[in-house]
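Contents: one structure, followed by commentary.
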Amino acid sequence: MRTHTCGSLTLDHVGQQVRLGGWVHRSRDLGGLVFLDLRDRTGVVQLAFGPAWSDANTLTAAAAVGVESVIVIEGTVVARAEQQRNADMSTGDIDVQVTSVRVVGAASTPAFPVAPAKGDKLPSEELRLRHRYLDLRRADLQRNLMLRHKLTQATRRFLDSRGFLELETPILTKPTPEGARDYLVPSRVHPGEFYALPQSPQIYKQLFMCAGYDRYFQIARCFRDEDLRADRQPEFTQIDIEASFVGQEDILSTAEALIAELWRTAGVPAESPFPRMTYAHAMEHYGCDRPDLRYGLELHDVTPVFAASELSFVQAAIARGERVRGLRVPGGAALSRKQTDDLEIVAKGAGASGLIVVKRTETGLDGKVAKFLAADAADQLGLAVGELGLYVAAPDHVASPALDRVRQTVAQRLELIPSDVHAFVVVTDFPMFEKDPNTGALGAVHHPFTAPHPEDLALLDSAPERARALAYDIVYDGLELGGGSIRISDSALQARIFSLLGIDDVTAQARFGFLLEALRAGAPPHGGIAFGLDRITMLLAGATSLRDVIAFPKTTAARALFEGAPSPVPAADLLELSLAVASRSGGNA
RNA sequence: GGGGGCGUAGCUCAGUUUGGUUAGAGCACUCGACUGUCACUCGAGAGGUCGCGGGUUCGAGCCCCGUCGCUCCCGCCA
């Protein structure tokens, strides 16, 4: 039906008869002459209609056709006169002089403009989602989804070339009490029983390893019924990878090479391997497990300086075994009182009881607490003239997140984040467990199948909360791209970990029996990693919302506005599923 | 579950502070003019449940209460 696509035509095609199909992007009716911009996903080309080459019917049809209508045309590619060329269009050197036009899909006036009008903002998110077929016609979204395609294809090529098998896992799976809330699917044939949509293919990929499919990957859809954010959708896509007879380095080198390949696919330079950092180092020097290394502002311990001070609240904190940590801000002494007060608000918002602020000026140390510090405190703190010091006296679990927030806020306010520099880092040696602050119970930091670090096996008995795991994250500009671990392949060790997590044998059997059984049936050492494809695409597309890289996303209330999901179902359908809708206090529809 | 922002013509927005005649603009749309435009231009016209419900008032787009939708954040997301 078509001989060419709209965006492909150039001066090389001059003189050729072409047949094109596309959407009317804009129209300009000059009376005797009519110009239509014809758009497909490859680009836009200008169609020219004139009495010298178009018959009367063609001219009339061109003048009458509405924007966003689909037309199929025949015509001749001609070079434009020099002064008529449009340097802003890739096809701006040519016109197609149309000899016949057929309106194959007349469009009613669109609910919002697809062609960008200068100065016009995007329509509201609600409207864009309700008329998603229109929004998806916009060049921005087409570019994003085409990038997504390239990234998934690059992933497949890369992993296939390294011997990974793309295998599918069930969408109807078993509910899991751990982790996020499950999306549940009622079983018709088993009244009162439910499937769950997978939060990730975690257990299935381990079963593949036990079955000998030693290199697996999947572009896997995952589902989590939690509240949404700009970077969180209820269903999302992971690049899910697992391999056997591997250690942490094998997984990481493959994962880093894949990420570098994806970045190059998007035209962003990236070289693997990436710098490494332990979790302990990241927490000590950045206060978080996914540090943004595009700028400095590292944290350091200044407890000794404050131990010698006359600040009673700091003395008391140090006596409790707490530390004083903080950061030096070059040029920060220029910040106003209001600005440093704002930083304290940020620290308090993150849970700190306060923020110690000192400035080193030409005349010495400045700030509310300066007079309680030693005369040479500025030197001890390492503060140069013009620098600001920001400190928190608190237990690490309070100070770290507060200083992380302060560090990020300072970097943004002082515009210390270079726009042309990006920073990958691999964070390793995550702890096995975290303690519930209320109950003191241990929970898995990664997931309950994560192998402990071999050097820390003895700690499982004496101090499990200090045991490290063979777990790792890949971080980019302070954002987690993905993470994984080496798994436990020994059923006795797995049972041990379950018991530390407070999962008794009966419960473990009920929840994960099929995995434990497989581990006892001859399991190779194995491990893997998973990346958030949506987030990676968003970063590489320069988008600010996952909705701009997902074709049919949900709203923050987890609704699909175009097709109207979720929706009520007929009572008969509920009956067939042995379900009844309970009314909740306050009442709902 | 909690907090913030937004909701006025098909679209993007003024108007809401301080309630008062017939709610405006640009774009889009309809009609007319126009042979080199590319955000074409020019002229004319049509287009409104001011999200929805209730209240206060002589009078509500504007004030109050409730509610719905979209969005950002906290909680949550092994």
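All chains are named by letter (A, B, ...) in the order of the sequence lines, taking the proteins before the strands, and each is independently numbered beginning at 1. Here the structure is a predicted model, which means the values were calculated and not measured.
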request  = Can you sort out the partners of A/Asp548 under salt bridge (charged side-chain N to carboxylate O under 4.0 Å, His left out), two or more places apart, ordered by chain and number?
outcome  =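 Testing A/Asp548 for salt bridge (charged side-chain N to carboxylate O under 4.0 Å, His left out), a comparison that skips the adjacent residues, returns A/Arg128.
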ask   = What residues form a salt bridge (charged side-chain N to carboxylate O under 4.0 Å, His left out) with A/Arg559, not counting sequence neighbours?
value =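 Salt bridge (charged side-chain N to carboxylate O under 4.0 Å, His left out) list for A/Arg559, sorted by chain: empty.
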Hey, what are the protein-to-nucleotides 30-34 of chain B N/O distances that come in under 3.5 Å?
{"residue": "B/rC34", "atom": "O2", "partner": "A/Leu30", "partner atom": "O", "Å": "3.4"}
{"residue": "B/rC34", "atom": "N3", "partner": "A/Asp29", "partner atom": "O", "Å": "3.2"}
{"residue": "B/rC34", "atom": "N3", "partner": "A/Gly31", "partner atom": "N", "Å": "3.3"}
{"residue": "B/rC34", "atom": "N4", "partner": "A/Asp29", "partner atom": "OD1", "Å": "3.4"}

Under the rule for ring-ring contact (aromatic ring centres under 6.0 Å, His included), what residues qualify as partners of [X], not counting sequence neighbours?
{"X": "A/Tyr204", "value": "none"}
{"X": "A/Phe562", "value": "A/Phe552"}
{"X": "A/Tyr195", "value": "none"}

Quick one: side-chain contact (heavy atoms from CB on, under 4.5 Å) partners of [X], sequence neighbours excluded?
{"X": "A/Cys222", "value": "A/Ser200, A/Pro201, A/Phe236, A/Gln238"}
{"X": "A/Glu415", "value": "none"}
{"X": "A/Arg130", "value": "A/Glu126, A/Leu561"}

query = Considering only side-chain heavy atoms of A/Met89, which listed nucleotide, B/rU12, B/rG69, B/rC38, is closest?
reply =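 Selected nucleotide: B/rC38.
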task = Enumerate the residues from residues 37-53 of chain A whose closest heavy atom to RNA chain B is under 4.0 Å, giving them by residue number; use none for an empty result.
result =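 Output list: A/Gln46, A/Pro51, A/Trp53.
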message = At a heavy-atom distance below 4.0 Å, what parts of residues 487-504 of chain A sit against RNA chain B?
response =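 Heavy-atom cutoff 4.0 Å gives no residues at all.
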task = Encode nucleotides 71-78 of chain B as B, S and - characters from 5' to 3', where the letter depends on protein heavy atoms closer than 4.0 Å: B to the base, S only to sugar-phosphate, - to neither.
result = BSSBBBBB
inquiry  = For the P atoms, the ones on B/rA46 and on B/rA60, what distance do you get once it is rounded to whole angstrom?
reply    =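 It works out to 27 Å between them.
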